[in-house]
2 protein chains.
Amino acid sequence: MRSPAELTEAFRAHGLKITPQRQLLFRLMHGNECHPTAEALFQTASEQMPGISLRTVYQTLNDLATMGELRSLDLGTGAVRFDPNTDDHHHVVCDHCNEIRDVYVSGSDALSISGLDGFAVSNTSILFNGLCPRCTAVSE
Amino acid sequence: MRSPAELTEAFRAHGLKITPQRQLLFRLMHGNECHPTAEALFQTASEQMPGISLRTVYQTLNDLATMGELRSLDLGTGAVRFDPNTDDHHHVVCDHCNEIRDVYVSGSDALSISGLDGFAVSNTSILFNGLCPRCTAVSE
DNA sequence: CTGCGAATCTGCACACTTTGAAGATTGGCA
DNA sequence: TGCCAATCTTCAAAGTGTGCAGATTCGCAG
Ligand SMILES: [Mn+2]
Ligand SMILES: [Mn+2]
Ligand SMILES: [Zn+2]
Ligand SMILES: [Zn+2]
């Protein structure tokens, strides 16, 4: 996802309005590495802008995802998560505390895969589940 | 997942009761390759047993999943899907009609992965998205 | 073959996430 | 400055899944 300044330019270029709500979300998402849910962003946003609505958070995040500025991820944690990192990468989820980290995988072209016959695959995602370092330490 | 007869035995052995509802679901799931949702199974079950409740379908499927007789899958299609195939395998989902097929992947030990440091990974799932043969044909 | 009691089933309420729709507000331009 | 389409807020509702209470029934003891 581009910087708040660049996004502001891009929005203007597309004839979209620059509202304080959008600018706030640009800032909150830029460089955000914690893969927040809309609800989590709403909480944070509400501190800086009391009265902002959850609906607007959803709307803006979905718009940004449609524009390709961020990815929306269903990692099986109940709510969709939003990721400004649009690199080709994957994720690992802690089954205990839901912490999420980026995972980079290479060499996947060496996999031998059967069952995709006839399918036009447009996306491949690898999801790792387990316990994060903290939760591993606690539970032993 | 084992056969309805074997499951009946296993249930008895665990002190669980054999009810017509459970037996019906044993039959509906055995060898079922379409990865149905609880709601879909409820529809089918209702034809053969009018009055069966959706709650019981959920309950029974979850019990079977807990026993390891079937896997519950979140493939991002909105509702959890149930799979009597407990082999180590993955899935491809058609983004247009939601058809799901099994995918077998080997050679994943040759992948080079970074970002899992400290995580105790207990499960890895690969999800392919795209268009099934039928939907590919239609949309061209 | 009964009858009992614990397990199960049903029906309903509710939590949670996300979206639809209508009316109020406002950014951007004339 | 004023207009108006775009945006925001608010509220209702769809869709999935679970908790709970009371009705039913399976499995066994007598
Ligand atoms: Mn990420
Ligand atoms: Mn499968
Ligand atoms: Zn953790
Ligand atoms: Zn299809």
Side-chain angles (χ1 to χ4, degrees), chain A residues 4 7-26 28 35-46 48-67 70-82 93 98 100, chain B residues 4 7-26 28 35-43 45-46 48-67 70-83 93 98 100:
Chain A
L7 284 178
T8 298
E9 262 322 291
F11 267 59
R12 267 199 239 279
H14 282 259
L16 300 172
K17 294 183 177 177
I18 305 304
T19 66
Q21 292 87 348
R22 284 175 172 171
Q23 290 181 304
L24 173 55
L25 287 165
F26 293 170
L28 293 182
H35 303 86
T37 63
E39 176 67 35
L41 284 164
F42 172 64
Q43 298 297 337
T44 307
S46 294
Q48 298 180 46
M49 184 183 290
I52 190 174
S53 78
L54 178 57
R55 188 69 180 84
T56 295
V57 175
Y58 271 107
Q59 186 70 54
T60 303
L61 293 172
N62 285 336
D63 290 346
L64 286 168
T66 298
M67 292 182 215
L70 47 81
R71 287 172 54 191
S72 64
L73 308 171
D74 184 345
L75 303 179
T77 56
V80 167
R81 289 164 182 279
F82 295 88
V93 180
N98 276 357
I100 295 166
Chain B
L7 284 178
T8 299
E9 262 321 291
F11 267 60
R12 268 199 238 281
H14 282 259
L16 300 171
K17 293 184 177 177
I18 305 303
T19 66
Q21 292 87 349
R22 282 175 174 173
Q23 290 181 302
L24 173 55
L25 287 166
F26 293 170
L28 293 182
H35 304 87
T37 62
E39 177 67 34
L41 284 164
F42 171 64
Q43 299 296 339
S46 294
Q48 298 180 46
M49 185 184 288
I52 191 175
S53 77
L54 179 58
R55 189 69 182 80
T56 296
V57 175
Y58 272 108
Q59 184 75 256
T60 303
L61 293 172
N62 284 336
D63 289 346
L64 286 169
T66 299
M67 292 181 214
L70 47 81
R71 287 171 56 189
S72 65
L73 308 171
D74 184 345
L75 303 180
T77 56
V80 167
R81 289 162 183 279
F82 296 89
D83 192 350
V93 179
N98 276 359
I100 295 167

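Atom set for the values below is all heavy atoms of this structure, side chains included, hydrogens, waters and symmetry mates excluded. Here is the naming used below: chain letters follow the sequence lines, and residue numbers restart at 1 for every chain.
One can place CZ of B:R22 at 6 Å from C1' of C:dT8, the figure rounded to the nearest angstrom. Separating the CG atom of A:L73 from the P atom of C:dT17 is a distance of 16 Å, rounded to the nearest angstrom. Atom CG of A:N98 is separated from atom P of C:dT17 by 11 Å (rounded to the nearest Å). Across the protein-nucleic acid pair, B:H14 atom NE2 and C:dT8 atom C1' stand 18 Å apart, rounded to whole Å. If you take CD1 of B:I52 and P of C:dT8, they are 15 Å apart, rounded to a whole angstrom. Straight-line distance from the CZ atom of A:R81 to the P atom of C:dT17: 10 Å, rounded to whole Å.
Nucleotides of DNA chain D lying under 4.0 Å from heavy atoms of chain A occupy a range whose first and last members, 5' to 3', are D:dA5 to D:dT10.
In this structure, the separation between CG on A:L64 and OG on A:S72 is 11.0 Å, given to the nearest 0.5 Å. One finds the CD atom of B:Q23 at 6.0 Å from the CD1 atom of B:I18 (value rounded to the nearest 0.5 Å). With rounding to the nearest 0.5 Å, the separation of CG in B:N62 from CE in B:M67 is 10.5 Å. For the atom pair CG (B:L16) and NE2 (B:H14), the distance works out to 7.5 Å, reported to the nearest 0.5 Å. Note: A:E39 CD to A:T44 OG1 = 10.0 Å, rounded to the nearest 0.5 Å.
For DNA chain D, the neighbouring residues in residues 54-67 of chain B, judged by any heavy atom under 4.0 Å, are B:R55, B:Y58, B:N62.
Here C:dT10 is the nucleotide among C:dT10, C:dG27, C:dT18 with the atom lying nearest to any side-chain atom of B:S53.
Contacts of B:G78 with the nucleic acid, taken as non-hydrogen atoms under 4.0 Å apart, involve only primed sugar atoms and P, OP1 or OP2. Using a 4.0 Å heavy-atom cutoff across all strands shown, B:G51 reaches sugar-phosphate atoms only and no base atom.
Contact annotation: the side chain of A:L28 approaches that of A:Q48 to within less than 4.5 Å [non-hydrogen atoms, C-beta and beyond]. When side chains are defined from C-beta on, B:N98 counts as touching B:R81, because their heavy atoms get closer than 4.5 Å.
One finds no side-chain N or O of A:Q21 lying less than 4.0 angstrom from the OP1 or OP2 phosphate oxygen of C:dG27.
Nearer the 5' end of DNA chain D, as judged by each residue's closest nucleotide, is the contact made by B:T77, out of B:R12 and B:T77.
In summary, of the residues considered (B:T60, B:L73, B:T37, B:L70), a side chain to side chain contact (heavy atoms under 4.5 Å, CB included) with B:F82 occurs for B:L70 alone.
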Next item on the list: Would you sort out whether A:H35 and A:L75 count as a side-chain contact (heavy atoms from CB on, under 4.5 Å), showing the intermediate values?
Entry: CA-CA 10 Å; A:H35 303 86; A:L75 303 179; 5.5 Å; no

